[in-house]
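As structure tokens, the structure follows; a few thoughts come after it.
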Amino acid sequence: MSKIEKFVESITPRDEDFARWYTDICLGAELCSYSSVRGCIILRPYGYAIWELITLELDRRFKDTGHQNVMMPLFIPESMLQKEKDHVEGFAPEVAWVTHGGETPLTERLCVRPTSEVLFCDHYAEIIQSWRDLPKLYNQWVSVVRWEKTTRPFLRTREFFWQEGHTAHATKEDAVEETLRMLDVYEEFYRNALAIPVLKGLKSESEKFAGAVETYTVEAMMHDGKALQAGTSHYLGDGFAKAFNIQYTDKDNQLRYVHQTSWGVSSRSIGGLIMVHGDDEGLVLPPAVAPIQVVIIPIATHKEGVLEEATKLRDVLKCTGLRVFLDDSDRMPGWKFSEHEMKGVPIRLEIGPRDIAKNQCVAVFRDNREKVFIALDRVAEEVPALLDALHDRMLERAERSMRERIYDVERLDAFVRTMEEKPGFIRASWCGSAECEAEIKELTTATSRCIEEGVDVEGRVCVVCGKKAQCSVFWGKAY
RNA sequence: CGGGGUGUGGCUCAGGUGGUAGAGCGCUUGGUUCGGGACCAAGAGGUCGCAAGUUCAAGUCUUGUCACUCCGACCA
């Protein structure tokens with residue numbers, strides 16, 4: 001074993017160097033490659049397949065809630081971007097500009113979209129006239145560019161893939177309802193598709209989206225205790241509508257401004273998958289977004305009947321609609337085991353001469369490595385149920401891991417000490433002032449992740465200044 | 001933007017004091033193997049990041065430059 005081990009490709013142990021472990025997985029599981037442009041990645045087939053499944057899961061939910069897909073242009077004229085003041089100021093530092101067409105300088109430079117609020121607004125101003133035109137429930141699947149200085153695969157890339165929903169409503173109530181509805185969609189998606197539990201809530205003033213009235217977020221806790229902003233949903237109010245003159249004639253023949261929302265989830269969610277579920281053997285994927293849900297590994301393929309039985313097994317499983325892969329390459333079985341563990345395949349089925357003699361196969365689960373025998377004529381019924389159970393275990397484990405690492409703190413010194421000593425989130429009351437929030441960032445580098453919903457803080461005081469608390473906040477170091 | 005590090009086959013790296021490039025892994029072909037990363041044999045593959053300079057001679061020395069990477073600052 002030790003002689004072999006030397007030659008075996010291995011990844012950095014997770015708890016030795018989390019950042020290197022993360023990169024090792026991205027490359028080792030063949031999710032992505034670095035590209036020749038710093039901060040941009042190439043999504044390889046396996047990584048893209050995961051993204052494709054994520055988009056399918058989300059898109060289905062968007063359609064179910066009445067949304068339509070559109071495609072806006074890649075470029076935004078500078079003058080259009082500048083119409084909403086807060087919005088430009090927020091994005092200006094990280095915008096990429098197109099200045100030339102061929103050799104000819106452009107009369108107005110074009111921004112490569114960092115997000116598409118203004119494009120949607122410009123279009124909405126054109127197509128919305130009457131209350132009958134509302135609501136407009138649009139979404140688009142595109143990539144956007146933000147010229148980041150520090151980049152990491154999936155977590156912070158200069159170009160990333162995402163969906164951005166943009167809606168226009170007649171009233172504030174409708175828009176706020178939409179904002180919260182999509183936040184719930186995100187939460188449900190993260191739990192049921194990615195097996196990732198999230199904290200849901202409102203962002204503080206300093207953390208909210210440039211140009212929004214309110215920003216809601218779903219925040220997930222990674223294995224190292226840091227927070228990943230996993231999705232945001234913004235209530236934009238009528239600020240954009242006023243800047244872009246998006247008005248409609250209401251039933252009472254009065255001109256009114258629309259109220260808008262926007263919301264997005266990006267390819268960063270893949271980073272979340274890696275950092276929530278991965279282990280020292282590699283990626284661990286929840287079945288819903290696993291490009292291969294079941295890998296079949298035949299043992300002793302040169303022996304009579306093995307490949308035939310393995311193929312039969314594959315065909316039976318395919319009929320149940322599962323994504324199955326029969327690895328009949330000429331690699332050693334051990335090599336295949338490791339390879340598919342690295343790729344996070346939820347269930348491995350082994351079938352060899354000894355199994356065939358007993359009319360069974362061996363199932364091994366990626367999450368807990370447990371092994372069970374399944375009768376060949378029971379595979380089609382049992383495997384789907386085993387996958388469901390695997391998803392539930394993954395979610396449960398992630399949930400426990402998060403809950404166990406949220407610490408309640410009442411005083412600033414305890415806050416600082418806890419943040420230093422224990423990876424995870426802190427739950428602490430806050431007066432709502434930007435000064436106190438800044439002080440915590442200054443002392444600990446942690447930021448407010450979101451405001452806890454439905455909590456009565458009567459009688460409580462701010463963890464920093466000791467004045468009357470306005471709300472309970474989750475704090476953490478963030479990616 | 002500041003500081004450190006690294007650029008040599010696809011990958012990881014070796015090449016004291018200059019003399020015209022090597023290993024392991026991977027890859028190709030054939031054979032034997034197959035229940036946790038096999039073995040044997042024969043092959044293919046490199047203008048040493050780029051550009052100047054010193055020298056009879058540069059992977060090696062000098063200068064410049066570019067890229068990547070780590071730490072910090074910044075950052076939705």
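In this text, all values refer to a predicted model and were calculated from it rather than measured experimentally. Residue numbering restarts at 1 for every chain, and letters A, B, ... go by the order of the sequence lines.
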Measure from [atom1] on [X] to [atom2] on [N] and round the result to the nearest Å.
X         : N      : atom1 : atom2 : answer
Ile356(A) : C34(B) : CD1   : C1'   : 13 Å
Glu94(A)  : C75(B) : CD    : P     : 10 Å
Phe160(A) : A76(B) : CZ    : C1'   : 9 Å
Arg158(A) : A67(B) : CZ    : C1'   : 13 Å
Lys336(A) : G36(B) : NZ    : P     : 13 Å
Met332(A) : U33(B) : CE    : P     : 12 Å
Asp17(A)  : C71(B) : CG    : C1'   : 12 Å
Glu219(A) : A76(B) : CD    : P     : 13 Å

If the [atom1] atom of [N] is compared with that of [M], how far apart are they to the nearest Å?
N      : M      : atom1 : value
A67(B) : C27(B) : C1'   : 27 Å
G26(B) : C48(B) : P     : 27 Å
U6(B)  : G10(B) : P     : 22 Å
C71(B) : G59(B) : P     : 34 Å
G46(B) : G37(B) : C1'   : 28 Å
A21(B) : U60(B) : C1'   : 12 Å
U55(B) : G15(B) : P     : 28 Å
G4(B)  : G64(B) : P     : 14 Å

Mind checking [X] for me? I need base, sugar-phosphate or nothing, with any heavy atom below 4.0 Å counting as a touch.
X         : value
Arg146(A) : nothing
Asp330(A) : nothing
Tyr34(A)  : sugar-phosphate
Glu281(A) : nothing
Glu207(A) : nothing
Pro93(A)  : nothing
Ala210(A) : base
Arg348(A) : base

Choosing from [options], which nucleotide comes nearest the side chain of [X]?
X         : options                : value
His302(A) : C34(B), A76(B), C75(B) : C34(B)
Val362(A) : G35(B), G36(B), A76(B) : G35(B)
Phe209(A) : C75(B), G37(B), A76(B) : A76(B)

Does the side chain of Arg331(A) get closer than 4.0 angstrom to OP1 or OP2 of C27(B) through an N or O atom?
yes
Minimum heavy-atom separation for [X] to [Y], with atom names?
X         : Y         : value
Lys477(A) : Met419(A) : NZ-O, 3.8 Å
Gly278(A) : Arg14(A)  : O-NH1, 2.6 Å
Gly165(A) : Asn139(A) : N-OD1, 3.4 Å
Cys111(A) : Leu81(A)  : SG-CD2, 4.0 Å
Ala96(A)  : Val145(A) : CB-CG1, 3.9 Å
Ala363(A) : Ile347(A) : CB-CG2, 4.4 Å

Should the pair Arg348(A) and Phe337(A) be classed as cation-pi, given the thresholds of under 6.0 Å to the six-membered ring centre and 45° from the axis?
yes
N/O donor-acceptor pair, side chain Thr150(A) with base A73(B), under 3.5 angstrom
yes
Measure distances between side-chain N and O atoms of Arg369(A) and base N and O atoms of G36(B), and say whether any donor-acceptor pair falls under 3.5 Å.
no
Pick out which of Tyr235(A), Phe62(A), Phe189(A) makes a ring-ring contact (aromatic ring centres under 6.0 Å, His included) with Trp263(A).
Phe62(A)
Apply side-chain hydrogen bond (donor to acceptor under 3.5 Å, both in side chains) to residues Ser262(A) and His166(A) and explain how you reach the verdict.
CA-CA 4 Å; Ser262(A) 69; His166(A) 294 268; 4.7 Å; no
Using a 3.5 Å limit on both distances, find every run of at least three consecutive Watson-Crick or G-U pairs that involves RNA chain B.
B:1-7 with B:66-72, B:10-13 with B:22-25, B:27-32 with B:38-43, B:49-53 with B:61-65
More 5' along RNA chain B: Ala19(A) or Tyr479(A), using each one's nearest nucleotide?
Ala19(A)
Given RNA chain B, 5'-ward residue of the pair Glu339(A) and Ala300(A), judged by closest heavy atom
Ala300(A)
Determine whether the aromatic ring centres of Trp21(A) and Phe18(A) lie less than 6.0 Å apart.
yes
